[in-house]
Asker: 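The following block contains the structure, expressed as structure tokens.
In listed order, ligands and their atoms are each counted from 1. Please read all numbers here as calculations on a predicted model, not as lab measurements.
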Amino acid sequence: MKLPQLRIGNLRPKYPIVQGGMAVRISTAPLAAAVAEVGGVGTIAGTGMTEEELRQEIREARRLTGGIIGVNVLFAVKNFARLVKASMQEGIDFIVTGAGFSRDMFSWGRETGVSIIPIVSSARLAKLAERLGAAALVVEGVEAGGHLGTDRPLGEILPEVREAVDLPLIAAGGIADGKDAA
Ligand SMILES: Cc1cc2nc3c(=O)[nH]c(=O)nc-3n(C[C@H](O)[C@H](O)[C@H](O)COP(=O)(O)O)c2cc1C
């Protein structure tokens, strides 16, 4: 099966498959590096870590692979800015963030050359993210559970977002377990 090419800034992963950030030390360096090493996109979840712990995870992932590695931090956490800035200093490839929306992270991304990928569940937020300089978007519907503020399925939201923006879109939520019908 020919899969479409995913673009994240200048990055072109071999496969358009992104491993999600799962906090509470699930998406740490070994998982992210294993995915990146075989041509997917690895994500370290920084939520719940200290800045120093996250720096160590990033360094460990970089030691394990030369593949594409990003960091997910939920906007809602107290040390959000510190975690994002530390990740950028460590030379991470991208930042994914959800559970709220930071305008500031786009200027930090511009200053450091790190791609910003917000998680969105509406065309309205997608347009705002595009205007602010997002490199790509994760689009999640109700199947993803958690911190979304939507009760609409991905199959409804995704076409609206596709229509609204020109950015690469990463559909998420219920894909692997077949809950989503999109
Ligand atoms: C244990 C666990 C921890 C999670 N932690 C995070 C997190 O830190 N940040 C985040 O954005 N999403 C988090 N999520 C949500 C998933 O990443 C999100 O639901 C995923 O994109 C949905 O994909 P799937 O349903 O196809 O697996 C977590 C999910 C699980 C199960």
Asker: What class does the angle between the rings of F80 and F75 fall in, given that below 30° is parallel, 30 to 60° is tilted and above 60° is perpendicular?
Answerer: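 Rings of F80 and F75: perpendicular, over 60°.
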
Asker: To the nearest 0.5 Å, what is the distance between OG1 on T50 and CG on N79?
Answerer: 8.0 Å

Asker: Within the structure, does E140 bring an N/O atom to less than 3.5 angstrom of an N/O atom in ligand 1?
Answerer: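 Checking ligand 1 against E140, an N or O pair does fall under 3.5 Å apart.
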
Asker: Which of these, Q19, M22, R25, has its nearest heavy atom closest to atom 30 (C) of ligand 1?
Answerer: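 Looking at heavy atoms only, the winner is M22.
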
Asker: I need the atoms of ligand 1 closer than 4.0 Å to a non-hydrogen atom of A144, numbered in the order shown.
Answerer: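 Answer for ligand 1: 19 (O).
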
Asker: Under 4.5 Å between side-chain heavy atoms, hopping through other hydrophobics if needed: is there a path connecting I17 to L6?
Answerer: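 Not linked; separate clusters.
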
Asker: Any N or O on E143 sitting closer than 3.5 Å to an N or O of ligand 1?
Answerer: no

Asker: Which of the atoms in ligand 1, numbered in the order shown and given with their element, are less than 4.0 Å from a heavy-atom of L74?
Answerer: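 Those qualifying, in numeric order: 9 (N), 10 (C), 11 (O).
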
Asker: Tell me whether ligand 1 is touched by G98 - counting only heavy atoms on the residue side and a distance under 4.0 Å.
Answerer: no

Asker: Counting heavy atoms only, which part of V138 comes closer than 4.0 Å to ligand 1: side chain, backbone, both or neither?
Answerer: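 Looking at V138 and ligand 1, no heavy atom falls under 4.0 Å.
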
Asker: Could you tell me whether E60 and R63 make a salt bridge, using a distance below 4.0 angstrom between a side-chain N and a carboxylate O?
Answerer: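 Salt bridge: yes.
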
Asker: Looking only at distances, please establish whether an N/O atom of ligand 1 is found under 3.5 Å from an N/O atom of G20.
Answerer: no

Asker: Which atom names give the shortest non-hydrogen contact between F94 and I68, and what distance separates them?
Answerer: CE2-CG2, 4.0 Å

Asker: Is I26 close to ligand 1, meaning an N/O of one under 3.5 Å from an N/O of the other?
Answerer: no

Asker: Pairs of nitrogen or oxygen atoms closer than 3.5 Å, one from V24 and one from ligand 1: do any exist?
Answerer: no

Asker: Below 4.5 Å, heavy atoms only, C-beta onward: do S115 and D93 meet side chain to side chain?
Answerer: no

Asker: Counting each atom of ligand 1 from 1 as listed, which ones have a heavy atom of A172 under 4.0 Å away?
Answerer: 21 (O)

Asker: Counting from 1, what ligand 1 atoms have a heavy atom of I119 closer than 4.0 Å?
Answerer: 11 (O)

Asker: Between M22 and L74, is there a shared hydrophobic cluster once you connect ILVMFWY residues whose side-chain heavy atoms come closer than 4.5 Å?
Answerer: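 Shared cluster, no.
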
Asker: Quick test of your reading of the model: are E57 and R25 salt-bridged, counting only N-O distances below 4.0 Å?
Answerer: yes

